[in-house]
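When a residue number appears, it is its place in the shown sequence, counting from 1.
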Amino acid sequence: MAELRHSSSLGARATATSSPMKREEKDASPLLLHHDKPPAAVKDDDDDDGRRHHFARDRDRPFWSNLVPFLSDDPRFSSQNSRISMILIGVVAFAGLISIFSIFHRLNAPYLCKKDGIVLHCPHVKESSSLWENPLSATTSWKPCAERRDGGNSDVPRENETNGYIFIHAEGGLNQQRIAICNAVAVAKIMNATLILPVLKQDQIWKDQTKFEDIFDVDHFIDYLKDDVRIVRDIPEWFTDKNELFTSIRRTVKNIPKYAPAQFYIDNVLPRIKEKKIMSLKPFVDRLGYDNVPQEINRLRCRVNYHALKFLPHIEQMADLLVSRMRNRTGSPNPYMALHLRFEKGMVGLSFCDFVGTRDEKVKMAEYRKKEWPRRFKNGSHLWQLALQKRKEGRCPLEPGEVAVILRAMGYPKETQIYVASGQVYGGQNRMAPLRNMFPNLVTKEELAVSDELTSFRKHVTSLAALDFLVCLKSDVFVMTHGGNFAKLIIGARRYMGHRQKSIKPDKGLMSKSFGDPYMGWATFVEDVVVTHQTRTGLPEETFPNYDLWENPLTPCMCKA
C-alpha cells in the first residue's frame, strides 16, 4: 500500500528538481517512500568547504565572547563589569533552556513511522486546548442578524394583489435542493409573487422519492416566512391542468442565466407571470446571483436557510441521539470530530485527478471516465498534465490517508473520536486503512446506530443525508476534504450560529506542495500545516465579489456584536 505517498507524488515529480530546500538525509521527508540523498546535495557540501575554512577561527572562539565587550577576558574591565557579565550569561542561559524545552515539547516525535517503505502511522503530537475551539476573542465580534424579529411589520401584499404564482423543482441532492428552496423564496420576493411549495425532484442519480414534507417542517416553513413571502402548499384549484406546468413551453421560463441579477427577473420573468398568472421556472439551480441583488434579498435567503427550513422532529431527535453517542463513546464526555470525506468513485472520476492505485485500477478508472465524460476524456493523452495542474491548484479531493496525516500534524491524537459522513469510498477498506490505523475511533452512522433505528430513514435517501448534515453541524470540529454544497452549507451555518467550534478547510494546494517536497521532514511539515491553517478554522471573513453566500454569510446576514 502506498496510499499516503501519492497525495502529491505528482507535485513531487514536478517540483523536486527545483526545490531550494537541501536538507541532510536524516531530515528526509517522512511523506515519501525513498530518502536517498541526491547528487545535488553532495555538490552543495563540496561548495561549502571554502566557507567552513574561512570561519574556522571564529568557530573555535566561545560564542559569548562577541556579544558585548565586557564579556571578554580582558583584565582591563572592572570587577563590576564581571558581575554584569555573569548576570547576562545567566539570563542568556535561562532563555536558552526555555527555548530548548519549547522546541523539544513541540517536536517530541519528529518522524512518521514506516515499515518496508510504507507509512503506517504518524507520531503522537501533544493535544493542545485550542484543538477544539476558536479563541473566544475571535468569536465575539459578529452575531447573526438575519432572523425576523417579533413585532416586525409584514410587507406581504394581499392574496389578490400578488403578481402571480411561481413553481420550481428543487433538483439534486439534499443540500442542492436546500439552496434552490432559499433562492425560490428570494425570487418570489423580488417579483412580489406567491410561491407554490417547491417539489423535490426525483432525478435519476439519487433515485429518491422524498417529498418536501418528508424532510422539512412545512407548517414552520410557511408560518416563519408569512411576513416575507406568501407561500401556498399546492397549485391553486382554479388551475385545472397541473401537469401542464412542466410540460407546456407556454407555462415554463427556461432562459434564466446562471447567477442572474434581480433586475433580470423583473425585466424578463415578471411580465410573463403577470400574463399567465402561474409559471414554472426550469432549470432553477444557481439561477440567482449574490452581489447583483439587494442586501435584504440575501438576508432573506439566510433567514430561510438558518431559521425557516427545519428538519422534521424525528430527524432532529435521531441526530441528537447519534451526537450523544459520539460524545459518550468512551464512557465519559468527550469532544468529537466530523469528517466529510469526498472520495466516492463518481467524485474521483469527475475530478480527473490522478491517485495512487494499481495498474488495473487506473485502467478501469480511465474506462469509467471515457464512458461517463467522453468529451472531456477525448483520447486521454492530455489528462496527465491536467492532473498535475489541478493538484497544484488544490482542486483534487484529499485521499483518506492524506487527511489522516494532516490531522495528526495539526495535533489531533490517535484517540480522537471521528464521525465520517461519506458515500462508498473508492478503493474500499484498503483505501481507508491508513486513516483507520491513525484514528481507530472512527465510525459512520451505520456503525453508531442500531440497524432498526435507521429502517424508517432508508425509505428516503434524503433523510439519511439529513442525519449526516445534523451530526456534522453539531460536531466540535468539522473537517471537509473537498468542495460541494454539503460542506459549504455546514461551514456557513457554523459561522452563522456562533463559530466557536472549528470548521477546518484544508488548503489542498499548499498541502500538495508539502507532500511533494522530497526534502521536507516531519517537523517542518508540522510547522507548515499549523501555520497554513491558523486562519482556516471557520471564523467569519470579509466577503469579496462573487463570494459564496452559503459558505460565508458575514456581510448580509451577520452584524457587529
Side-chain angles (χ1 to χ4, degrees), residues 130 132-149 152 175-176 178-187 189-190 224-225 228 258-262 286-310 338 340 394 469-470 472-480 482-510 532-561:
S130 62
W132 300 99
E133 291 183 340
N134 283 315
L136 179 62
S137 59
T139 62
T140 55
S141 299
W142 295 90
K143 64 179 181 180
C145 59
E147 185 175 7
R148 179 175 276 283
R149 306 302 179 192
N175 299 289
Q176 188 170 321
R178 188 184 191 101
I179 292 174
I181 293 167
C182 296
N183 286 341
V185 173
V187 167
K189 180 70 173 180
I190 290 170
Y224 193 90
L225 297 171
D228 293 298
K258 277 196 170 185
Y259 305 111
D286 297 327
R287 282 331 194 254
L288 184 63
Y290 304 112
D291 297 295
N292 47 18
V293 301
Q295 287 290 67
E296 58 265 25
I297 294 299
N298 282 331
R299 196 170 296 113
L300 173 60
R301 289 198 277 189
C302 288
R303 188 147 60 246
V304 179
N305 187 27
Y306 302 126
H307 300 286
L309 277 176
K310 287 184 62 177
H340 186 222
F469 184 92
L470 289 171
C472 289
L473 182 65
K474 299 177 181 183
S475 64
D476 297 277
V477 169
F478 173 71
V479 181
M480 62 171 287
H482 199 49
N485 293 321
F486 182 100
K488 65 186 180 184
L489 281 170
I490 291 287
I491 291 177
R494 288 165 68 90
R495 276 176 167 148
Y496 181 80
M497 296 300 182
H499 51 272
R500 184 67 187 273
Q501 281 73 34
K502 287 188 174 183
S503 300
I504 299 174
K505 184 178 181 179
D507 190 324
K508 296 179 292 181
L510 287 179
T532 297
H533 296 91
Q534 282 178 343
T535 58
R536 301 177 70 89
T537 60
L539 292 174
E541 301 173 1
E542 294 293 344
T543 56
F544 50 85
N546 299 318
Y547 196 95
D548 198 312
L549 173 73
W550 312 112
E551 185 174 339
N552 187 22
L554 177 63
T555 302
C557 306
M558 301 181 72
C559 308
K560 281 286 188 180

**Item:** Audit row: Cys145, Cys559, disulfide (SG to SG under 2.5 Å) steps and yes/no
**Value:** CA-CA 6 Å; Cys145 59; Cys559 308; 1.9 Å; yes
**Message:** For Arg500, give me all partners under salt bridge (Lys or Arg N to Asp or Glu O under 4.0 Å), at least two apart in sequence or on another chain.
**Reply:** Glu133
**Message:** Holding to side-chain hydrogen bond (donor to acceptor under 3.5 Å, both in side chains), I want the full list of residues that pass it with His307, two or more places apart in sequence or in another chain.
**Reply:** Tyr496
**Complete:** Rounded to the nearest 0.5 Å, the OG1 atom of Thr535 sits from the NZ atom of Lys505 at a distance of 11.5 Å
**Fill in**
When every non-hydrogen atom of Ser475 is compared with those of Val477, the smallest separation belongs to OG-O, 3.1 Å
**Request:** Show your reasoning for whether side chain to side chain contact (heavy atoms under 4.5 Å, CB included) applies to Leu489 and Phe469.
**Result:** CA-CA 9 Å; Leu489 281 170; Phe469 184 92; 4.0 Å; yes
**Message:** So which atom in Ala493 and which in Leu473 form the shortest heavy-atom distance, rounded to 0.1 Å?
**Reply:** CB-CD1, 3.5 Å
**For the student: nearest non-hydrogen atoms of Leu300 and Ala186, plus distance** = CD2-CA, 4.2 Å
**Request:** Kindly say whether Gly538 contributes a backbone atom to a donor-acceptor pair with the side chain of Asn134 at under 3.5 angstrom?
**Result:** no
**Request:** Enter the distance from Ile179:CD1 to Asn305:CG here, rounded to the nearest 0.5 Å.
**Result:** 8.0 Å
**Complete:** d(Tyr290 OH, Ile297 CD1) to nearest 0.5 Å is 14.5 Å
**Asked** With a 4.5 Å heavy-atom cut-off, do His499 and Met558 have their side chains touching?
**Response** yes
**Heavy-atom check, side chain of His340 versus side chain of Ile490, under 4.5 Å** = no
**Item:** Working for side chain to side chain contact (heavy atoms under 4.5 Å, CB included), residues Lys258 and Arg287
**Value:** CA-CA 5 Å; Lys258 277 196 170 185; Arg287 282 331 194 254; 3.5 Å; yes
**Request:** Report the C-alpha distance between Arg178 and Asn485 in whole Å, list the side-chain angles of each, state the deciding distance to 0.1 Å, and finish with yes or no for side chain to side chain contact (heavy atoms under 4.5 Å, CB included).
**Result:** CA-CA 9 Å; Arg178 188 184 191 101; Asn485 293 321; over 6 Å; no
**Complete:** Taken to the nearest 0.5 Å, the spacing of Cys557 SG from Gln295 CD works out to 8.0 Å
**Asked** Which heavy-atom pair separates Tyr224 from Ala308 by the least distance, and what is that distance?
**Response** CD2-CB, 4.0 Å
**Asked** Does any pair with a residue in residues 487-497 pass salt bridge (charged side-chain N to carboxylate O under 4.0 Å, His left out), and if so which ones, sequence neighbours excluded?
**Response** Lys488-Asp548, Arg495-Glu541
**Asked** Short question: side chain of Asn298, backbone of Thr555 - any donor-acceptor pair under 3.5 Å?
**Response** no
**Prompt:** What is the distance from atom CZ of Arg536 to atom CG of Asp507, rounded to the nearest 0.5 Å?
**Reply:** 4.5 Å
**Prompt:** Can you check side chain to side chain contact (heavy atoms under 4.5 Å, CB included) on Asp228 and Val185, steps first, answer last?
**Reply:** CA-CA 9 Å; Asp228 293 298; Val185 173; 5.7 Å; no
**Request:** Measure the SG-CD distance between Cys302 and Glu147 for me, rounded to the nearest 0.5 Å.
**Result:** 12.5 Å
**Prompt:** Hey, are the side chains of Lys560 and Trp142 touching, using non-hydrogen atoms and a 4.5 Å cut-off?
**Reply:** yes
**Message:** Counting C-beta onward and ignoring hydrogens, is there a side-chain heavy-atom pair between Pro144 and Met497 closer than 4.5 Å?
**Reply:** no
**Prompt:** Under the disulfide bond (SG atoms under 2.5 Å apart) test, which residues partner Cys182, sequence neighbours left out?
**Reply:** none
**Asked** Does the side chain of Glu296 come within less than 4.5 Å of Lys189's, by heavy atoms?
**Response** no
**Request:** Not counting sequence neighbours, which residues clear disulfide bond (SG atoms under 2.5 Å apart) with Cys472? List them please.
**Result:** none
**Request:** For Arg301, enumerate each residue passing the salt bridge (Lys or Arg N to Asp or Glu O under 4.0 Å) test, keeping only those at least two apart in sequence or located in another chain.
**Result:** none
**Message:** Taking Pro556's backbone N and O only, do any of them form a donor-acceptor pair with Arg299's side chain (distance below 3.5 Å, no angle check)?
**Reply:** yes
**Complete:** Closest heavy-atom pair, Tyr306 versus Pro553, reported as atoms and distance to 0.1 Å, is OH-CG, 3.5 Å
